[in-house]
Amino acid sequence: MSNEKYTSIVNVDFQYAHRFMDWPREAKHLHGHSGYLTIELEDKVDPVTGFAHSCKDGFKKAWEVVDHFHHGTIFQEGDPLLDAVLEVYKKHNITNDPAHCVPLKKIQHELAWSYPEYRIVVTKKVSTCENLCELFHALLKDKMPIKKITMRSSLMNAASKEFK
């Protein structure tokens with residue numbers, strides 16, 4: 001079998017809300033996006049399966065992380081809205097009820113951490129497509145052989161980063 005490497009492509013779409021805390025224009029307001037994450041996985045073809053990487057397996061691994069962001073809100077560390085939203089969620093019992101939602105494990109990473117019961121992720125950096133490429137790579141790199149990540153938050157806004 002050849003030692004050539006092939007690229008398998010995993011696509012994940014999700015909806016999220018965020019804001020750019022110190023941005024002077026309209027993106028400083030809490031708003032939502034339909035995010036589209038493309039993860040390119042590079043590996044040799046497995047002689048038994050014929051795949052470089054099973055896209056179904058790649059999607060499952062990616063979704064374990066992306067699900068924290070799906071229908072969730074991303075706040076940057078230090079955002080004064082975070083405490084206000086957490087207070088309202090607690091007061092009105094707005095939670096990720098395990099009876100109706102898939103339970104999420106807590107994200108605890110140097111670049112981001114989560115409040116899974118409220119579907120909130122707090123990031124060290126502003127949640128631009130560029131920084132989300134870096135974040136998703138950090139959260140997924142031990143689960144799959146990532147060659148490149150592209151994050152799109154709209155038709156006109158996207159970023160890509162290759163990883164070696």
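Count residues from 1 along the sequence.
With salt bridges taken as basic N to acidic carboxylate O contacts below 4.0 Å, one links R119 and D67.
The two atoms that bring A112 and I107 nearest to each other are O-CG2, 3.5 Å, heavy atoms only. Residues H53 and P145 come closest through the heavy atom pair CD2-CD, 3.7 Å. Nearest heavy-atom pair across S8 and A52 is OG-CB, 3.7 Å. Between A62 and M144, the shortest heavy-atom contact is N-CE, 3.7 Å. Nearest heavy atom pair, residue V10 against residue C55, reads CG2-O, 4.0 Å. Residues F59 and N11 come closest through the heavy atom pair CD1-O, 3.6 Å.
Under the 4.5 Å side-chain criterion, counting only non-hydrogen atoms from C-beta, V122 is in contact with L82. With contacts defined as side-chain heavy-atom distances shorter than 4.5 Å, the pair L135/N131 does not qualify. Looking at M21 and P80, their side chains come closer than 4.5 Å, going by heavy atoms from C-beta outward. By the 4.5 Å heavy-atom criterion applied to side chains, F20 and T128 are counted as neighbours.
Note: the hydrophobic cluster containing L139 does not contain I120 (ILVMFWY, side chain heavy atoms under 4.5 Å, direct or indirect links). Linking ILVMFWY residues whenever their side-chain heavy atoms come closer than 4.5 Å, directly or via other members, leaves L41 and F51 in distinct clusters. Note: the hydrophobic cluster containing V121 does not contain L30 (ILVMFWY, side chain heavy atoms under 4.5 Å, direct or indirect links). Cluster membership for I149 and I74, using ILVMFWY side-chain heavy atoms within less than 4.5 angstrom, is shared. Side-chain heavy atoms closer than 4.5 Å link hydrophobic residues (I, L, V, M, F, W, Y) into clusters, and following such links, even through other members, never connects L104 to Y115.
Here K5 contributes atom NZ and D43 contributes atom CG; the two are 6.5 Å apart, rounded to the nearest 0.5 Å. Note that OG1 of T150 and CD of E162 are 9.0 Å apart. Values are rounded to the nearest 0.5 Å. Taking CG of L37 as the start and CZ of R152 as the end, the distance is 11.5 Å to the nearest 0.5 Å. Within the model, atoms OG1 of T123 and CG of L132 stand 7.5 Å from one another, a figure rounded to the nearest 0.5 Å.
Residues passing the side-chain contact (heavy atoms from CB on, under 4.5 Å) test with T7 are I9, E40, E42, K147, sequence neighbours excluded.
Side-chain atoms of H31 come within 3.5 Å of backbone N or O of H18 as a donor-acceptor pair. A donor-acceptor pair under 3.5 Å links the side-chain atoms of N96 to the main chain of V102, judged by distance alone.
Residue D79 is tested with K28, R19, K124 for a salt bridge (Lys or Arg N to Asp or Glu O under 4.0 Å); the sole match is R19. Just one residue in the list H33, H70, H71, H68 forms a ring pair (Phe, Tyr, Trp, His ring centres under 6.0 Å) with Y16, and that residue is H33.
Judged as a side chain to side chain donor-acceptor pair (under 3.5 Å), the pairs with a partner in residues 98-110 (not counting sequence neighbours) are, in order, D97-H100.
Ring centroids of F136 and F69 are separated by less than 6.0 Å, placing the two rings close together.
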Distance-only check: which donor-acceptor pairs under 3.5 Å involve side-chain atoms of residues 83-93, not counting sequence neighbours?
none

